[in-house]
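Here's the structure, in structure tokens; my notes come after.
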Amino acid sequence: MSACPPYAPFFGFAGVASAMVLSTVGAAFGTAKAGIGIAGLGSFKPELIMKVCPFHVQLPSTMASDNSLIPVVMSGIIAVYGLVVSVLIAGALRPGDYSLFAGFTHLGAGLACGLTGLAAGYAIGIVGDSCVRAYVQEQKVFVSMVLILIFAEVLGLYGLIVALIMNTSAIGGDKCPTI
């Protein structure tokens with residue numbers, strides 16, 4: 001069996017697709033789920049959607065803080081992780097000079113980033129929806145919401161880090177013999 005079969009890039013492209021698609025599905029779910037909570041918040045207390053500051057200090061309008069929109073922004077970051085990994089893997093794909101080792105490594109990197117992005121988006125959506133709805137009743141839940149959202153976001157960041165490490169090992173992996 002050859003170290004560089006002609007079908008090896010398929011696995012690299014599968015890694016590109018899985019990183020982008022799965023992390024984007026996670027981000028979309030998180031955005032949709034948190035958006036439902038924000039819509040519910042807006043029907044009860046619309047002034048809390050675009051609140052000026054959580055510490056009740058009047059800030060200039062250029063420094064306004066959108067407390068309830070934090071889960072939506074954090075969900076969008078998950079898709080960026082998948083985009084970064086996809087671009088890096090796609091940049092390493094070279095026809096004729098791509099080993100099976102690199103293909104499987106890139107597939108693993110794409111799955112690592114994509115599946116952790118899917119899990120992080122799901123967690124952000126569930127927590128964001130629940131905490132934004134709780135924010136209507138008690139505004140002190142804001143700090144807890146941000147901390148839980150950070151822990152959920154870190155799941156996607158772990159996948160990004162693992163994918164970057166795997167991508168680096170694929171670059172220095174098996175080389176195809178030149179004919």
Side-chain angles (χ1 to χ4, degrees), residues 11-56 59 61-90 105-167:
F11 296 106
F13 284 115
V16 169
S18 60
M20 196 66 242
V21 170
L22 293 174
S23 64
T24 304
V25 167
F29 179 82
T31 300
K33 189 73 172 156
I36 291 169
I38 292 169
L41 169 74
S43 64
F44 290 109
K45 292 187 178 179
E47 68 275 5
L48 291 180
I49 291 177
M50 298 290 212
K51 189 175 172 186
V52 175
C53 182
F55 305 110
H56 306 292
L59 296 174
S61 62
T62 58
M63 297 177 64
S65 172
D66 304 329
N67 294 343
S68 60
L69 298 178
I70 289 174
V72 173
V73 173
M74 293 182 83
S75 291
I77 294 170
I78 297 295
V80 174
Y81 295 162
L83 177 66
V84 168
V85 171
S86 294
V87 167
L88 288 174
I89 293 172
T105 305
H106 285 148
L107 175 61
L111 286 172
C113 180
L115 290 173
T116 57
L118 184 65
Y122 185 80
I124 289 170
I126 298 295
V127 170
D129 180 35
S130 300
C131 288
V132 166
R133 290 176 190 264
Y135 187 63
V136 172
Q137 305 299 323
E138 182 62 54
Q139 295 179 12
K140 292 178 184 176
V141 77
F142 176 73
V143 174
S144 302
M145 175 184 76
V146 171
L147 286 174
I148 296 169
L149 287 172
I150 288 171
F151 290 128
E153 179 81 26
V154 167
L155 296 173
L157 186 60
Y158 291 155
L160 173 68
I161 292 168
V162 168
L164 293 176
I165 292 169
M166 291 177 77
N167 185 50

Sequence neighbours excluded and cut-off under 3.5 Å, please list the side-chain donor-acceptor pairs for residues 140-163, or say none.
unit_1	atom_1	unit_2	atom_2	d
Glu153	OE2	Tyr81	OH	3.2

Please set out all donor-acceptor pairs under 3.5 angstrom arising from side-chain atoms of residues 105-114, sequence neighbours excluded.
unit_1	atom_1	unit_2	atom_2	d
Thr105	OG1	Phe101	O	2.7
His106	ND1	Tyr98	OH	2.5
His106	ND1	Ala102	O	3.2
His106	NE2	Asn167	OD1	2.8

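Residues satisfying the ring-ring contact (aromatic ring centres under 6.0 Å, His included) criterion with Phe29, sequence neighbours excluded, are Tyr122. Every residue two or more places apart in sequence or in another chain that forms a side chain to side chain contact (heavy atoms under 4.5 Å, CB included) with Thr24 is listed here: Met20, Ala79. Judged as a side chain to side chain contact (heavy atoms under 4.5 Å, CB included), and not counting sequence neighbours, the contacts of Ser23 are Ile78.
Expressed to the nearest 0.5 Å, how far CE of Met166 lies from CG of Leu88 amounts to 13.5 Å.
Across every non-hydrogen atom of Val72 and Gly35, the tightest pair is CG2-N, 4.4 Å. In plain terms, the two heavy atoms of Ile124 and Ser75 that are nearest each other are CG2-OG, 3.2 Å. Between Val132 and Pro71, the shortest heavy-atom contact is CG2-CG, 4.1 Å. In this structure, Ala19 and Val85 approach most closely via the heavy-atom pair CB-CG1, 4.0 Å.
The list of salt bridge (Lys or Arg N to Asp or Glu O under 4.0 Å) pairs with a residue in residues 111-134, not counting sequence neighbours, reads Lys33-Asp129, Asp129-Arg133.
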